[in-house]
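FYI, side chains are in, hydrogens and waters are out, and symmetry mates aren't considered; it's all heavy atoms of this structure. Residue numbers begin at 1 in each chain, while the letters A, B, ... track the order of the sequences.
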Number of protein chains: 2
Amino acid sequence: MAGKENQIVEAGKKQPKKKRSRIQTENRALILDAALQVFSTDGYRGATLDRIAEKAGMSKTNLLYYFPSKEDVYRTALEQIVVNWLDPFRDIDGDGDPIEQLRRYITLKLKASHENPEASRLFANEIQRGAPLIKDFLETTLKKLVDEKAKVIHRWIDDGKLAPVDPYHLIFLIWATTQHYADFDVQVNALLGNQASKPGFYEQSAQAVLSIILNGIRPR
Amino acid sequence: MAGKENQIVEAGKKQPKKKRSRIQTENRALILDAALQVFSTDGYRGATLDRIAEKAGMSKTNLLYYFPSKEDVYRTALEQIVVNWLDPFRDIDGDGDPIEQLRRYITLKLKASHENPEASRLFANEIQRGAPLIKDFLETTLKKLVDEKAKVIHRWIDDGKLAPVDPYHLIFLIWATTQHYADFDVQVNALLGNQASKPGFYEQSAQAVLSIILNGIRPR
DNA sequence: ATAAAACTTGACTACTTGGTCAAATTTGAA
DNA sequence: TTCAAATTTGACCAAGTAGTCAAGTTTTAT
């Protein structure tokens, strides 16, 4: 872990991107998928290459043929997640209608958490253990992006299109809530009983969350 | 792990409570405090008794003199947390003013997350790994309590004292947001820069969160 | 068809981990 | 003070753990 270059997200722009064979593409995908499951429940330290390899349907030795180390598997999985994370956030359009823009963003984020809860949990885990691999990313790339969107929200407030709330805390509240349905889904399920597994449940949750947040920030 | 009785929270009522010597009381406290730190960052599987013992300032062998196993240390730490968790929630008074009651609860919860983030993270970790030790507690004790409070909120809505929001999702939103400041504090700090370490920061966060949530549910 | 390159694996190593045990050392009640 | 009970620890063990290596097997370009 020590000394390695932290190249999450920022990298992958100039890299020559060595072409991968069919088998490589397939197996790397299998591994990353298995890794997502194991890392997201057991955390970085608790996860083992044996379990990941088993879940991926291959020997540990073979896994290590595709990735040089445990940390590299983890880093790669994490990077994929973070990239997907950012897109909908970037898409918040300062020129659009605030309520509509935020509704769209919250809906997308809820959907992502719902469809890929493991990714959400893995990210949460990384932050909870002190973000050793992505602290730098948080302080540079993500901070820049958040500052930008905070400014957008501030402008909406100045234009009277939004209630005067602190943009940063509004963003945190949205992130917190949407992640909750992924990270705490065991608790959500336990507390809602069978209700949570019914077909329309996800839409209903989204509706409830949107209703509270959007009314909380509607101009008044 | 397998086969052991799950006695989180529900227990501790009839147990004879063997009296503890001064040294026992002190050392158990030292261990549990160290355990909280290690478990909350490394998770159950990732935590090691060696690290916990070291942080507690004693040998691993000695630690195992006070607790029979790693799981027992973990279970005890978790139990303490959950008990403290529940009190403010229980205290929500159906006969009080809704906004006032919820303001009080949210404030208390934010304060708890702020003062004891490790506890919050440890709990989050337990849920994220599938709640193996407290699933039963979630489905029985906690569910009963939540159902109760949901009814209270529903009554408030029927009386027109609160906007018509789904009580369960409102509770989730409150939990999610308050936990966020503990579980994601590395991210919060990274994104807010020095601002987050300033003295009044916590009060300011509380104000922002309260403002959004309470306005989101005020009758309209 | 064939051989080089790509892929796969079992055996192995050095190290960590939860837990045991017996032998000290310390504590505290009489 | 005194000695049994309580506390503490180093040595140890069996079961993992990440990662290496050399020897195979399969793919693929020709």
Side-chain angles (χ1 to χ4, degrees), chain A residues 1-4 16-39 41-78 125 129 132-133, chain B residues 1-4 16-39 41-78 125 129 132-133:
Chain A
M1 190 120 70
K4 290 246 178 154
K17 266 207 175 179
K18 47 199 86 159
K19 47 203 160 189
R20 301 216 162 93
S21 74
R22 175 186 57 88
I23 298 182
Q24 267 185 37
T25 312
E26 283 175 13
N27 281 352
R28 282 178 63 98
L30 280 177
I31 292 167
L32 287 175
D33 190 63
L36 192 58
Q37 294 178 52
V38 178
F39 281 128
T41 56
D42 292 341
Y44 177 72
R45 295 210 52 193
T48 73
L49 291 183
D50 283 293
R51 270 173 59 88
I52 296 174
E54 191 196 49
K55 265 213 158 72
M58 69 184 71
S59 67
K60 180 178 64 173
T61 319
N62 203 21
L63 184 156
L64 284 166
Y65 172 73
Y66 290 101
F67 292 89
S69 69
K70 178 183 181 180
E71 188 185 314
D72 199 76
V73 180
Y74 179 77
R75 188 192 298 278
T76 308
L78 188 57
N125 229 293
R129 71 189 187 114
L133 293 191
Chain B
M1 190 120 72
K4 289 245 176 151
K17 266 207 177 181
K18 45 200 88 159
K19 46 202 159 191
R20 302 216 162 94
S21 74
R22 175 186 57 89
I23 297 182
Q24 266 184 37
T25 313
E26 284 176 13
N27 280 352
R28 282 179 63 98
L30 280 175
I31 293 167
L32 287 175
D33 190 63
L36 192 58
Q37 294 179 52
V38 178
F39 281 129
T41 55
D42 293 341
Y44 177 73
R45 294 210 54 193
T48 74
L49 290 183
D50 284 292
R51 269 173 60 88
I52 295 174
E54 190 197 48
K55 263 212 161 70
M58 70 184 71
S59 67
K60 179 178 65 172
T61 320
N62 203 22
L63 184 157
L64 284 165
Y65 171 73
Y66 291 100
F67 292 88
S69 69
K70 178 183 183 180
E71 188 185 314
D72 199 76
V73 180
Y74 180 76
R75 187 191 297 278
T76 308
L78 187 58
N125 229 294
R129 70 188 189 115
L133 293 191

Notebook entry, point to check: Hey, is the side chain of A:Y66 poking within less than 4.0 Å of OP1 or OP2 on C:dT8, counting only N and O atoms?
Noted result: yes
Next item on the list: Mind checking A:A47 for me? I need base, sugar-phosphate or nothing, with any heavy atom below 4.0 Å counting as a touch.
Entry: sugar-phosphate
Checklist line | Distance, rounded to the nearest Å, where A:M58 contributes CE and C:dG10 contributes P | finding: 13 Å
Note to self: With a 4.5 Å cut-off on side-chain heavy atoms, are B:K60 and B:T48 touching?
What the structure shows: no
Item checked: Rounded distance [0.5 Å steps], OG1 in A:T41 versus CG in A:N125 -> 9.0 Å
Item checked: Contact under 4.0 Å: B:R45 side-chain N or O vs D:dG16 OP1/OP2 -> no
Check: Does any non-hydrogen side-chain atom of A:L63 lie less than 4.5 Å from one of A:V73?
Finding: yes
Check: At under 4.0 Å between heavy atoms, what does A:T61 touch on the DNA or RNA strands: base, sugar-phosphate, or nothing?
Finding: base
Item checked: Whole-Å gap separating P (C:dT26) and CD (B:E26) -> 17 Å
Next item on the list: For the side chain of A:I23, starting at C-beta, report the closest nucleotide among D:dA6, C:dC7, C:dG18.
Entry: C:dC7
Notebook entry, point to check: Does B:N27 make a side-chain N or O approach to OP1 or OP2 of D:dT8 shorter than 4.0 Å?
Noted result: yes
Next item on the list: Figure out the CZ/C1' separation between B:R75 and C:dG18, and round it to whole Å.
Entry: 16 Å
Next item on the list: Test the A:K70-A:Y44 pair against the cation-pi criterion, namely NZ or CZ under 6.0 angstrom from the six-membered ring centroid and within 45° of the ring axis.
Entry: yes
Next item on the list: Ignoring backbone atoms, test whether A:N62 places a side-chain nitrogen or oxygen under 4.0 Å from the OP1 or OP2 oxygen of C:dC7.
Entry: no
Check: Quick one: B:E71 CD to C:dG19 P, roughly how many Å, whole number?
Finding: 9 Å
Next item on the list: State, yes or no, whether a side-chain contact exists between A:Y66 and A:I23 at a heavy-atom distance under 4.5 Å.
Entry: yes
Check: Can a side chain N or O of B:Q24 be found less than 4.0 Å away from OP1 or OP2 on D:dA6?
Finding: no
Next item on the list: Would you indicate what B:L64 reaches in the nucleic acid, counting non-hydrogen atoms under 4.0 angstrom: base, sugar-phosphate, or nothing?
Entry: base
Next item on the list: Assign B:F67 to base, sugar-phosphate, or nothing according to its heavy-atom contacts below 4.0 angstrom with the strands shown.
Entry: nothing
Checklist line | Value in whole Å for how far the C1' atom of D:dC13 lies from NZ of B:K60 | finding: 11 Å
Margin query: I need the CD1-P distance between B:I31 and C:dG19, as an integer number of Å.
Written below: 13 Å
Next item on the list: Quick one: label A:R51 by what it contacts on the DNA or RNA (base, sugar-phosphate, nothing), any heavy atom closer than 4.0 Å.
Entry: nothing
Next item on the list: Go through C:dG18, D:dG19, D:dA6 for me and flag the one nearest to the A:L49 side chain.
Entry: D:dG19
Item checked: Short side-chain N/O contact from A:Y65 to OP1 or OP2 of C:dT8, under 4.0 Å -> no
Next item on the list: Grab the CZ-C1' distance between B:R20 and D:dT7 for me, whole Å please.
Entry: 15 Å
Checklist line | Upstream residue (5' side of DNA chain D) when A:G46 and A:P68 are each assigned their closest nucleotide | finding: A:G46
Next item on the list: State whether B:R22 places a side-chain N or O below 4.0 Å from either non-bridging phosphate oxygen (OP1 or OP2) of C:dG28.
Entry: yes
Notebook entry, point to check: NZ of B:K70 versus P of D:dA15: gap in Å, rounded?
Noted result: 18 Å
Next item on the list: Please check if atom CD in B:E54 has more than 12 non-hydrogen atoms from other residues, nucleotides or ligands closer than 6.0 Å.
Entry: no
